[in-house]
Amino acid sequence: MLTLVLFNVTNGLILGMFYVLMALGVSLILNLSNVINFAHGNFLALGGYLTFVLEPYLGYWGALLAGPICVGIIGLIIERTAIRRVYDRDPVYSLLLTFGLAFIIQDLCRTIWGPNGLPLSIPNALNSPLSQQFFFITGYRIFLIAVVIVAVAALFGFLTYTRVGTRIRAGTFDIETVSALGINIGLLRSLNFAVGIFLAGLAGVLAGGQIGLNPNMGDDLLLPAFIAIIVGGVGSLTGTLVGGLVIGVASAVTSIWWPAGSEVIMYILMIVVLLVRPRGIMGEEGVMT
Amino acid sequence: MSLLEVRSVTKAFGSLVAVNDVSLSVAPGELRAIIGPNGAGKTTFFNLITGFFPPTSGHILLDGKDITEVAAVDRVGMGMARTFQITEIFPELTVRENIRVAVESQAGLRLRPWINRRQTAEVDDKIDEMLVATRLTEQADRLVGELSHGDQRSAEIAMALALKPRILLLDEPTAGMGEQETFQVAGLIRRLHKHTGYTIVLIEHDMRVVFNLADRIMVLTEGTLLAEGTPDEIAANPAVQAAYLGTAE
Amino acid sequence: MSETTIPAMADRTQQRNWLPLAAIWLVLITVPIWLPYVGGYNALASRVLVFGLAAMGLNLLLGFTGTMSFGHAAYFGLGAYGAGFVLRYWIHSTPLAMLAAILLGTAAGALFGALMAKRTGIYFAMLTIAFAQICYYVAYSWNSVTGGYDGLRGFQRAPLHFGPYIVNIRDNGVLFYYFVLAVFAICTGLMAMLLRSPLGRSFIAIRENPRRTRFLGIPVERHVWISFTISAFFTSVAGGLYALLNNFADPTALFYVISGNIVIMAVMGGMRSFWGPLIGAAVFVTLQDYISSMTVNWMSFIGMIFVAVVLFFPRGLLGFIGRRRRA
Ligand SMILES: Nc1ncnc2c1ncn2[C@@H]1O[C@H](COP(=O)(O)OP(=O)(O)OP(=O)(O)O)[C@@H](O)[C@H]1O
Ligand SMILES: [Mg+2]
């Protein structure tokens, strides 16, 4: 019984980690640029594939970082050439644009790397289970959780202690004032977009090591990311982090009794939050309603 | 018996107290002006009266009834109409269509997914009435966004009038206007007050307009009430001269 | 000052002369005659009308109330399932199937709309997506009722009975097209009437300036909710027709891709014009049909259509015609 509980909780925790990475990226972009990035899951896949391509040259550890960085740069280019042009327009346009990009990136991945799954090899050291009884707690899973924790800590450190990060946070709160103070909002948004995409890429690498690569691998994470943001409170990055963890844990706990219910519980949580606390757990009055 | 009564309202935005313990009483048929330097809290005071946001403390009464908790949209139904410091209109609709929305709302038609000929004719008549009152008949079928600033203000006032308000709140109706336009709008306000007997509360920077049209004046500085009285009293008030008129002229 | 009842948003050009209106209906009525010569087929024409209706329904909200939904697949798909349930489990009747489509889709629209009330902009859009995905998930998982991944199959639309007369829309594609066209005509008639009414005008007022609208005594949130519900109503009618057209209802009708497609149709045709979404649907559905038969990389092409519309034709095809002078 303990094994089963632990098994489900571990699965939920791992899933929660992906929700968090994905949701933080979507949330960063949403908060500063007011754009819902429909293509986020496809950037995730692209990050995984780029790592796959780079791995033979850089080894796993090099590619682990280089893949997400590359996809971050691609994101930056796309932001500069296309997404930037819809910032001041009706939000319907940014949704349509990223929706179209999602199609294109997914098709590109499918064309280049094929529709079937590709394995992303990981170092043997990470692959072995820690014990016979808890076979599901592999070194890789612990590694994965550690990487996510480091990435999230680095993100919050970046936002709190660096100048660019402080500006991003200020811009989330009041973009007009930040721009009135002479700060280049365009550049800030580009950087911020790249950081968001980097996180997607990182999630892609980690997911690739877990379940392999396929062109749709990010699709199932997009909606949980939205729900994490809604549950946590739109406009608050800490809220998104909390939201991601909450739905991850809730999914895990639910799956102990009702394995098929891990998805249902997210929807139920979302509706309950909407009814009881419409602005989300950390949402504040007046922020991005 | 006052039509509008404000009992020591306060509004704080965080640590900034924009309106601090201000009271006001407006009699039916009165034209009351509110003056004060920039950032004195005049618009905030209007926003409290019309329910744009709730006060931090204090009460607002219309006709003796406490409306502090009443939503903005329902205060309109109780007879409160306002214009905004920065013109709020439907720029891509014609003057007539702008007024039509107001007339239909006032006539209680706003939820109706159809309309018959008789009602259409009645609505049209009321629109024409408003057009005449605000002298916009000639511009009736032009897009409001294309009109001169003065005519846009008039159109906004026409919309407010179409609501058949018992009290009309105008936030700097002559702001940003030239001489000619100021006279046009001031004339409209004077006619509404003198000929039609509207109760009006007016925020205004143009002292000629204020001292010639108002029955009573209240002066706000930094969120607090500095003085209150007839134009003569205000003109003679040393505190007002020192704090406000002296610097503004 | 000849015409005082011109509603704001309807194309003035179209109001002034009846030619474009007559042309649209003439084209729609004569479709079965000329379609074969240009390589089309009846089901394609019916599909254009179905999506045209869905996009016009969405556009009541998007173009005329200024509120974005990126989750209208929910009402489209629930409409399809509503019709499917009746035909599959209950009774062989097309009118009752349509009724069920409307009830299911509109009720969901009213409910979700109420839960989302008070949200605006991008947050509202995100919630619409999430609610649509809930519907998709339910249809996908509730195997015993919805048929799960495969969807509801094994039913056929029923012929229509008018007293002793039977119109066999089941076996005759042309007759079915005219049935769809009749429903389409009724719906667009209702929409046109709505947009000329005080309620419709309040929607446009909200689009133009919600703050002003509120201070004219119109409760904005309630009216947005009403608009949302009406919009879901028309989209669910389209969904019901979609099930009749295909003779099945499956989860793809609820998938977010459908939501995106409906929005792009409205925008591509011109979301500020009454007929724009129909034009958009005609172009998009035809292109989609053509592209998917031409290349395996159809997704890229569809994606590029989205990108191109956003970057180069944001006003849509009719946007230029219906465009109004600005100050
Ligand atoms: N919604 C708000 N949130 C925060 N601060 C506000 C808000 N509205 C007004 N303020 C602040 O309250 C103070 C009073 O503003 P208000 O607009 O009421 O002044 P005013 O007397 O109308 O000035 P003006 O003559 O320039 O129109 C100002 O310092 C303003 O910055
Ligand atoms: Mg002011």
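Quick note on labels: first sequence line is chain A, next is B, and so on, each numbered from 1. Side-chain atoms are counted along with the backbone in the values below, which use heavy atoms only and exclude waters and symmetry mates.
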Does the side chain of [X] pick up a donor-acceptor pair with the side chain of [Y] at under 3.5 Å?
{"X": "B:Arg142", "Y": "B:Thr94", "result": "no"}
{"X": "B:Asp151", "Y": "B:Gln184", "result": "yes"}
{"X": "C:His223", "Y": "C:Ser202", "result": "yes"}
{"X": "B:Gln85", "Y": "B:Thr43", "result": "yes"}

Does the ring of C:Phe124 carry C:Arg119 above it, NZ/CZ under 6.0 angstrom from centre and within 45° of its axis?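 Cation-pi check for C:Arg119 and C:Phe124: fails.
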
Is the cationic atom of B:Arg82 (NZ for Lys, CZ for Arg) positioned less than 6.0 Å from the six-membered ring centroid of B:Phe84 and within 45 degrees of its normal?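 Satisfied, under 6.0 Å and within 45°.
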
Would you call the rings of C:Phe76 and C:Tyr242 parallel, tilted or perpendicular, taking 30° and 60° as the class edges?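 Rings of C:Phe76 and C:Tyr242: tilted, as their planes differ by 30° to 60°.
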
Name, in order of residue number, those residues of residues 158-174 of chain B that have a heavy atom at a distance of less than 4.5 Å from a heavy atom in chain C; otherwise write 'none'.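 Within residues 158-174 of chain B, near chain C: B:Met159, B:Leu163.
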
Please classify the contact between C:Ile226 and chain B as side chain, backbone, both or neither, with a heavy-atom cut-off of under 4.5 Å.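 Interface part for C:Ile226: side chain.
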
If I measure from the heavy atoms of chain C, does [X] come under 4.5 Å with its side chain, its backbone, both, or neither?
{"X": "B:Ile89", "value": "backbone"}
{"X": "B:Ala81", "value": "neither"}
{"X": "B:Glu104", "value": "side chain"}

Just to verify, what does C:Thr235 make a side chain to side chain donor-acceptor pair (under 3.5 Å) with, not counting sequence neighbours?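 For C:Thr235 there are no side chain to side chain donor-acceptor pair (under 3.5 Å) partners, ignoring immediate neighbours.
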
Can you tell me how far OG1 of C:Thr106 sits from CG of C:Leu111, rounded to the nearest 0.5 angstrom?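 Taking CG in C:Leu111 and OG1 in C:Thr106, the distance rounds to 12.5 Å.
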
Just give me the residue among C:Ile230, C:Asn209, C:Leu190, C:Val220 that pairs up with chain B most often, heavy atom to heavy atom, under 4.5 Å.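 Option with the top pair count is C:Asn209.
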
Highest number of heavy-atom pairs under 4.5 Å with chain B: which of C:Arg211, C:Arg222, C:Arg214?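 Highest number of pairs under 4.5 Å: C:Arg211.
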
